[in-house]
Amino acid sequence: PASTATRPVSGGTRSSTGPASTASAPASAASPATTPAPTSPTTPAPTNVTSPVSLSPDAQWWASNANQVTQMQNDASTIEKALPTVIASGNLSQVSQSCQVFQGEVTAAQALPVIPDTTLYPTWQSGLADYQNASQECIQGTAAQDPNLIGQAELDLLGGSAQVGQVTQGL
């Protein structure tokens with residue numbers, strides 16, 4: 001008589017006493033190519049930090065105030081370009097408003113700490129005085145549509161820009 005029992009498709013049962021296969025065993029945990037060296041909690045990780053560089057007093061002043069000074073110089077340049085044609089272009093109120101903002105920037109620059117380089121300080125002060133005069137002449141000249149005041153504002157802007165530029169180059 002035939003047996004009704006079926007055999008597994010895999011060909012039978014496995015022996016539990018046979019040798020174990022190492023073909024799919026994981027890589028050794030001690031392999032230096034795959035496992036970083038252990039660090040202890042008291043050993044700091046290596047860093048590439050260099051010693052901080054000390055800045056000169058002038059460089060420190062510039063680092064602290066460069067954005068403010070550069071913005072003031074940029075605004076002076078923009079106004080200087082607009083003034084020659086401000087009356088003909090009809091942008092009087094817009095230029096006047098720019099001059100008012102510029103006047104505030106100049107006032108803020110005058111309140112900055114003194115530049116450490118005492119040889120640059122008089123040039124800085126003179127440049128800011130020219131800028132202050134230019135802002136006032138610009139505001140008054142655009143309000144009155146006075147070409148003489150506007151022309152004087154242009155000259156003072158040029159003078160202020162030259163002097164403040166000389167200081168920034170020196171820093």
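Scope of the values below: all heavy atoms of this structure, side chains included, with no hydrogens, waters or symmetry mates. Residue indices begin at 1 and follow the sequence shown.
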**OP:** Report yes if some heavy atom in the side chain of Gln132 is under 4.5 Å from a heavy atom in the side chain of Thr107; otherwise report no.
**Re:** yes

**OP:** Could you tell me whether the side chain of Thr78 reaches within less than 4.5 Å of the side chain of Phe102, counting heavy atoms only?
**Re:** no

Between [X] and [Y]: side-chain donor-acceptor atoms closer than 3.5 Å:
| X | Y | result |
| --- | --- | --- |
| Gln166 | Thr123 | no |
| Glu80 | Ser77 | no |
| Asp75 | Gln71 | yes |

Same cluster (ILVMFWY, side-chain, under 4.5 Å), [X] and [Y]:
| X | Y | answer |
| --- | --- | --- |
| Leu149 | Val106 | no |
| Leu112 | Ile115 | yes |
| Leu158 | Leu83 | no |
| Ile139 | Tyr131 | no |

For a quick test of reading the model, state the closest non-hydrogen atom pair linking [X] to [Y] and the distance between them.
| X | Y | value |
| --- | --- | --- |
| Ser161 | Ala76 | OG-CB, 4.0 Å |
| Ile79 | Ser98 | CD1-O, 3.6 Å |
| Pro113 | Trp61 | O-NE1, 2.8 Å |
| Met72 | Glu105 | CA-OE1, 3.6 Å |
| Gln163 | Ser126 | OE1-OG, 2.6 Å |

Original post:
How far does CG of Leu157 sit from SG of Cys99, to the nearest 0.5 angstrom?
Top reply: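 If I round to the nearest 0.5 Å, the distance is 7.0 Å.
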
Subject >> Pairwise distance CG(Asn133) to CG(Leu128) - rounded to 0.5 angstrom >> reply: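 Going from CG on Asn133 over to CG on Leu128, the span is 11.0 Å.
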
Between [X] and [Y], is there a donor-acceptor pair closer than 3.5 Å when you use the side chain of the first and the backbone of the second?
| X | Y | value |
| --- | --- | --- |
| Thr85 | Ala88 | no |
| Thr168 | Gly165 | yes |
| Ser96 | Leu92 | no |
| Thr142 | Cys138 | yes |
| Trp124 | Val167 | no |

Subject >> Steps toward side-chain contact (heavy atoms from CB on, under 4.5 Å) verdict (Trp62, Leu55) >> reply: CA-CA 10 Å; Trp62 181 247; Leu55 296 176; over 6 Å; no

**OP:** Go through the steps to decide whether Gln73 and Val164 satisfy the test side-chain contact (heavy atoms from CB on, under 4.5 Å), and finish with yes or no.
**Re:** CA-CA 8 Å; Gln73 288 176 298; Val164 170; 3.6 Å; yes

**OP:** Might you confirm whether atom CD of Gln97 has over 12 heavy atoms from other residues, nucleotides or ligands at distances under 6.0 Å?
**Re:** no

